[in-house]
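What follows is a short report on a single structure.
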Amino acid sequence: MKSFTSVKQLGDLQKAFEAAKYVKEHPFADQALGKNKTLLLVFFNNSLRTRLSTQKAGLNLGMNVIVLDVNQGAWKLETERGVIMDGDKSEHLLEAIPVMGCYSDLIGVRSFARFESKEDDYNEVILNQFIKYSGKPVFSMEAATRHPLQTFADMITIEEHKKKARPKVVMTWAPHPKALPQAVPNSFAEGLNMTDYEFVIANPEGYDLAPEFVGNAKVTHDQDEALEGADFVYAKNWAAYEGENYGKVINKDMGWTVTKEKMALTDHAFFMHCLPVRRNMIVSDDVIESPQSLVIPEAANRVVSAQTVLKMLLQSL
Ligand code: CP
């Protein structure tokens, strides 16, 4: 594996789950793999889980870890070619990326959708520049369209908790005050399409995701119908994808908040969310605090997913 930008690159899912199980049970078994190797984590956006879990994964593998917050302490970066750089941006990404490559063996990049251009976002302009110009294997720590390390952790968590071979998994949109990227729901849908689980996406009209991510999922605009008999409820907000509403908040209907009453429609479902979560917008206090809530095990599995992927990348060096 020369880069990791999508859960599809995990290949055989059962083998990936076995690899993750080994990593979880033997976190320090592969320290020789990372000895004298440097992991650089580059953040264009804020993070708690991804920052800490990926650092811990690198340390577990014996790596040296460097974290760069591009917007705090580094030179302000220009990302467009052809710009006359007479403003406040002192360095161009096209020099900065190969310089970062000189100092590292693997590079993780977090760069969210900017919602300025759907074409630029869905072409993953920033992430692909790292892949093209760094000279090093690059992995996504959430890019414009996908969050594969989150999805892998979510899928490991479902695998660990499912009570039947083909659980019903419902990903439901829920309200949020700000426009959030589609990376997490896109990626989760991409991952669930790799399984034979029953997979339903529930969202209000105007919030359908890109068809290439929806895949074979059943899409409904009726949340209550979707939740009937669900085994897992994966809540997430995302901004509109379609047409001129791309990147906009067009609905804040609190009737979509995941409450105790909504969970009562399910088959004693587990509640999932990638965090951070806005309580009593996305999910009520009692649901997220209930024994059926998997938000902390999901976050814990972020170390497992990152370490499994870093191990694969190190084995390919
Ligand atoms: N779920 C997730 O990626 O969390 P952070 O944004 O805190 O990294």
Side-chain angles (χ1 to χ4, degrees), residues 7 45-50 110 112-113 115 121 140 142-158 168-193 197 199-210 213-215 217-223 226-227 230-242 246-259 262-263 266 269-284 287-288 292-299 301-302 305:
V7 279
N45 308 97
N46 294 340
S47 168
L48 187 154
R49 279 143 292 274
T50 305
R110 165 162 284 202
F112 291 171
F115 290 148
D121 289 343
S140 166
E142 185 172 348
T145 61
R146 293 176 176 88
H147 194 355
L149 292 177
Q150 179 66 52
T151 299
F152 189 24
D154 295 334
M155 293 173 76
I156 293 166
T157 309
I158 293 173
K168 178 175 178 182
V169 180
V170 177
M171 178 170 77
T172 180
W173 180 95
H176 193 281
K178 292 184 177 174
L180 298 186
Q182 294 106 21
V184 169
N186 282 346
S187 206
F188 188 74
E190 191 165 62
L192 267 285
N193 271 294
Y197 305 163
F199 179 44
V200 180
I201 303 175
N203 55 260
E205 284 185 31
Y207 276 92
D208 288 357
L209 294 167
F213 290 105
V214 170
K218 178 185 170 188
V219 178
T220 174
H221 300 144
D222 183 336
Q223 190 191 44
L227 292 174
D231 299 297
F232 292 88
V233 176
Y234 192 94
K236 187 70 186 83
N237 174 269
W238 60 89
Y241 168 78
E242 299 164 280
Y246 176 69
K248 292 186 181 154
V249 176
I250 57 170
N251 190 333
K252 291 185 189 173
D253 182 357
M254 298 291 279
W256 282 73
T257 302
V258 179
T259 59
K262 295 278 183 179
M263 292 299 282
T266 71
F270 289 107
F271 174 80
M272 300 180 73
H273 189 280
C274 63
L275 304 181
V277 71
R278 300 251 182 170
R279 282 179 177 226
N280 305 307
M281 289 287 302
I282 301 278
V283 58
S284 61
V287 170
I288 197 167
Q292 292 302 96
S293 173
L294 295 180
V295 297
I296 305 305
E298 278 177 89
N301 277 332
R302 289 295 306 275
S305 70

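Applying the side-chain hydrogen bond (donor to acceptor under 3.5 Å, both in side chains) criterion to Glu298, with sequence neighbours excluded, gives no partner residue. Listed by chain and number, the residues in a ring pair (Phe, Tyr, Trp, His ring centres under 6.0 Å) with Phe213 amount to none (sequence neighbours excluded). Looking at residues two or more places apart in sequence or on another chain, you find a side-chain contact (heavy atoms from CB on, under 4.5 Å) between Ala226 and Val170, Val200, Ala202, Thr220. Residues satisfying the side-chain hydrogen bond (donor to acceptor under 3.5 Å, both in side chains) test with Asn301, not counting sequence neighbours, are Lys24, Thr157, Glu160. Every residue two or more places apart in sequence or in another chain was checked for a side-chain hydrogen bond (donor to acceptor under 3.5 Å, both in side chains) with Tyr207, and none qualifies. Here Arg278 pairs with nothing under the salt bridge (Lys or Arg N to Asp or Glu O under 4.0 Å) rule; sequence neighbours left out. Taking the side-chain contact (heavy atoms from CB on, under 4.5 Å) definition, one finds that Pro148 meets it with Phe4, Val7, Ser140, Arg146, Ser187, sequence neighbours left out. Taking Phe232 as the reference, Phe270 meet the ring pair (Phe, Tyr, Trp, His ring centres under 6.0 Å) condition, with sequence neighbours excluded. Among residues two or more places apart in sequence or in another chain, the side-chain contact (heavy atoms from CB on, under 4.5 Å) test is passed with Ala299 by Arg49. In this structure, the side-chain hydrogen bond (donor to acceptor under 3.5 Å, both in side chains) partners of Thr50, at least two apart in sequence or on a different chain, are Arg110, Arg302.
Counting heavy atoms from C-beta outward, Asn203 and Met171 have side chains that stay 4.5 Å or more apart.
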Side-chain donor-acceptor contacts of residues 247-254 below 3.5 Å, not counting sequence neighbours, with atom names and distances?
| residue | atom | partner | partner atom | Å |
| --- | --- | --- | --- | --- |
| Lys248 | NZ | Glu244 | O | 3.3 |
| Asn251 | OD1 | Asp253 | N | 2.7 |
| Asp253 | OD1 | Gly255 | N | 2.7 |

